[in-house]
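A quick write-up on the structure given underneath.
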Number of protein chains: 2
Amino acid sequence: MKDSTAPKTSAPELAPWEHEVLELFVGMFETFGLPKSIAMIYGVLYCSDEPLYQEDICRRLEISAGSASQGLKLLTGLGTVHRQSPVGQRQSVYTAERSMRRLLGYFIDVQLRPRLSTGRERLEQILHDIPEEDDVARNKIKVLLDWQHKADRALPLISTLFTR
Amino acid sequence: MKDSTAPKTSAPELAPWEHEVLELFVGMFETFGLPKSIAMIYGVLYCSDEPLYQEDICRRLEISAGSASQGLKLLTGLGTVHRQSPVGQRQSVYTAERSMRRLLGYFIDVQLRPRLSTGRERLEQILHDIPEEDDVARNKIKVLLDWQHKADRALPLISTLFTR
DNA sequence: TTTGAATTTCATTTAATTTTGAAAACATTA
DNA sequence: TAATGTTTTCAAAATTAAATGAAATTCAAA
């Protein structure tokens with residue numbers, strides 16, 4: 001399987017511990033609603049001592065260039081992966097952001113917060129539309145607004161735990 | 001569309017506000033990794049003044065009996081929906097648990113906690129397997145353990161916000 | 001028992017998501 | 001500017017998840 005002629009770029013196979021870490025990231029990213037390949041790209045970058053070329057990532061993870069490109073685009077967009085384009089070097093290199101903040105930020109800002117805020121507006125509209133006398137329905141909506149409110153207060157709390 | 005002959009069971013069509021609430025639940029449940037039909041079953045029960053038969057749920061949501069059965073099984077398993085079997089009545093009826101606790105409990109205990117705890121064990125094993133001298137790798141694992149630890153401390157905090 | 005309605009189960013279908021692969025676009029340098 | 005290697009894009013394929021529908025099961029009432 002291994003080619004003993006000098007490789008152009010360093011792309012050692014993944015060590016056993018790296019495999020384990022990748023699996024860990026796959027589970028974590030899944031919680032955040034992000035697919036396996038994205039998790040693995042982040043994982044392989046997290047494990048690597050040095051920045052990697054997209055090409056390295058493809059080779060180590062055995063994924064297509066398309067997947068890598070799309071995945072890296074998403075991850076750099078989230079700020080969980082950084083792209084550098086060193087002068088005098090044709091390929092860009094990628095590094096994993098080492099703090100958890102960005103990833104959690106994605107979860108909170110992209111998955112949670114929008115649902116909470118649109119939820120609030122809609123709930124208030126609904127409440128407005130329900131006739132005064134329908135106490136039962138009005139109360140149900142009020143309970144939902146209360147959940148919404150509690151969740152809203154919880155988010156910053158969670159953030160602080162991870163940012164400091 | 002409506003049959004004016006006396007209906008066996010009361011199964012009024014969903015009111016506009018109920019549709020809105022269902023959509024809200026769909027979004028919320030999605031965050032928790034639960035599919036649309038499950039969210040809608042919970043939603044229709046949440047909105048209803050009175051307990052509903054499985055049959056009512058099928059009719060209002062226009063889903064199959066199989067879906068309803070599976071969905072109700074899952075939801076009662078989580079404790080977010082309660083099943084009652086009144087004596088002298090052949091069908092069971094279902095009610096939505098009104099507090100958010102159970103739902104959040106599911107998210108924390110089923111989605112989050114297992115990943116955190118197996119993660120911890122595995123990380124410690126990995127750390128044990130990495131040679132003493134590989135400081136870089138060891139440090140990466142230690143950072144992950146730290147994330148894990150922070151998340152672990154965050155969970156109870158979140159719970160308390162919603163249970164009282 | 002037997003009947004009949006309600007429910008459950010699960011193989012199949014349908015739908016949604018993720019990944020690929022090949023063509024186009026881009027960029028570097030000869 | 002041509003030649004070469006890299007990256008991006010996006011339609012199509014593969015994979016995965018969810019919903020259906022029909023057969024099997026359950027269970028109260030006759």
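Letters A, B, ... are given to chains in the order of the sequence lines, protein chains preceding strands, and every chain is numbered from 1.
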Could you list by number each residue of residues 31-48 of chain A showing a heavy-atom separation from DNA chain D of less than 4.0 Å, or answer none if no residue does?
->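 Here the set is empty: none.
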Rounded to the nearest angstrom, tell me the gap between atom [atom1] in [X] and atom [atom2] in [N].
| X | N | atom1 | atom2 | result |
| --- | --- | --- | --- | --- |
| A:Glu30 | D:dT16 | CD | C1' | 11 Å |
| B:Leu61 | D:dA18 | CG | P | 17 Å |
| B:Arg59 | C:dA5 | CZ | C1' | 14 Å |
| A:Ile57 | D:dT8 | CD1 | P | 11 Å |
| A:Gln54 | C:dT20 | CD | P | 13 Å |
| A:Phe29 | C:dT18 | CZ | P | 14 Å |

Short side-chain to backbone donor-acceptor contact, [X] and [Y], under 3.5 Å:
| X | Y | answer |
| --- | --- | --- |
| A:Thr76 | A:Lys73 | yes |
| B:Asp129 | B:Ile126 | no |
| A:Ser69 | A:Ala65 | no |

Throw together a table of side-chain donor-acceptor distances under 3.5 angstrom for residues 25-48 of chain A, partners on residues two or more places apart or in other chains.
| unit_1 | atom_1 | unit_2 | atom_2 | d |
| --- | --- | --- | --- | --- |
| A:Glu30 | OE1 | B:Arg115 | NH2 | 2.6 |
| A:Thr31 | OG1 | A:Gly27 | O | 3.2 |
| A:Thr31 | OG1 | B:Arg115 | NH1 | 2.7 |
| A:Tyr42 | OH | A:Glu97 | O | 2.6 |
| A:Tyr46 | OH | B:Lys140 | O | 2.8 |
| A:Ser48 | OG | A:Glu50 | N | 3.2 |
| A:Ser48 | OG | A:Glu50 | O | 2.5 |

For nucleotides 25-30 of chain D, list the nitrogen or oxygen atoms of the protein found under 3.5 Å from its nitrogen or oxygen atoms, one pair per line.
none

Between C:dT19, D:dA19, D:dT8, which nucleotide gets closest to the side-chain atoms of A:Ser67?
->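 Nearest listed nucleotide: C:dT19.
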Tell me which nucleotide among C:dA6, D:dT20, D:dT8 gets nearest to the side chain of B:Glu55.
->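 Out of C:dA6, D:dT20, D:dT8, the nucleotide with an atom closest to B:Glu55's side chain is C:dA6.
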Identify, residue by residue, the members of residues 68-84 of chain A with a heavy atom below 4.0 Å from DNA chain C, and return them in order of residue number, or none.
->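 Those residues are A:Gln70.
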Please list all pairs passing the ring-ring contact (aromatic ring centres under 6.0 Å, His included) test where one or both residues lie in residues 111-150 of chain B, with sequence neighbours left out.
->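 Listed once each, the pairs would be none.
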Taking atom types as modelled and ignoring hydrogens, do the side chains of A:Gln54 and A:Gln91 form a donor-acceptor contact shorter than 3.5 angstrom?
->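 No, because no side-chain N or O of A:Gln54 sits under 3.5 Å from a partner of the opposite role on A:Gln91.
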Short side-chain N/O contact to C:dT19 OP1/OP2 from A:Ser64, under 4.0 Å =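 Indeed not, no polar side-chain atom of A:Ser64 lies that close.
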Return the minimal non-hydrogen interatomic distance between B:Ser85 and B:Ser92, and the atom names on each side.
->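 It is OG-OG, 3.2 Å.
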Who passes ring-ring contact (aromatic ring centres under 6.0 Å, His included) against A:Tyr106, sequence neighbours left out?
->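 Listed in chain order: nothing, the list is empty.
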Inspect the contact between B:Asp146 and B:Lys150 and indicate whether a charged nitrogen and a carboxylate oxygen are less than 4.0 angstrom apart.
->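 Counted as a salt bridge, because a side-chain N and a carboxylate O are separated by less than 4.0 Å.
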Between A:Arg138 and A:Glu133, is the closest basic N to carboxylate O distance under 4.0 Å?
->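 Salt bridge: no.
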Determine the sole option in A:Leu52, A:Leu75, A:Leu72 for which the side-chain contact (heavy atoms from CB on, under 4.5 Å) test with A:Tyr94 is passed.
->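 The side-chain contact (heavy atoms from CB on, under 4.5 Å) with A:Tyr94 is passed solely by A:Leu72 among A:Leu52, A:Leu75, A:Leu72.
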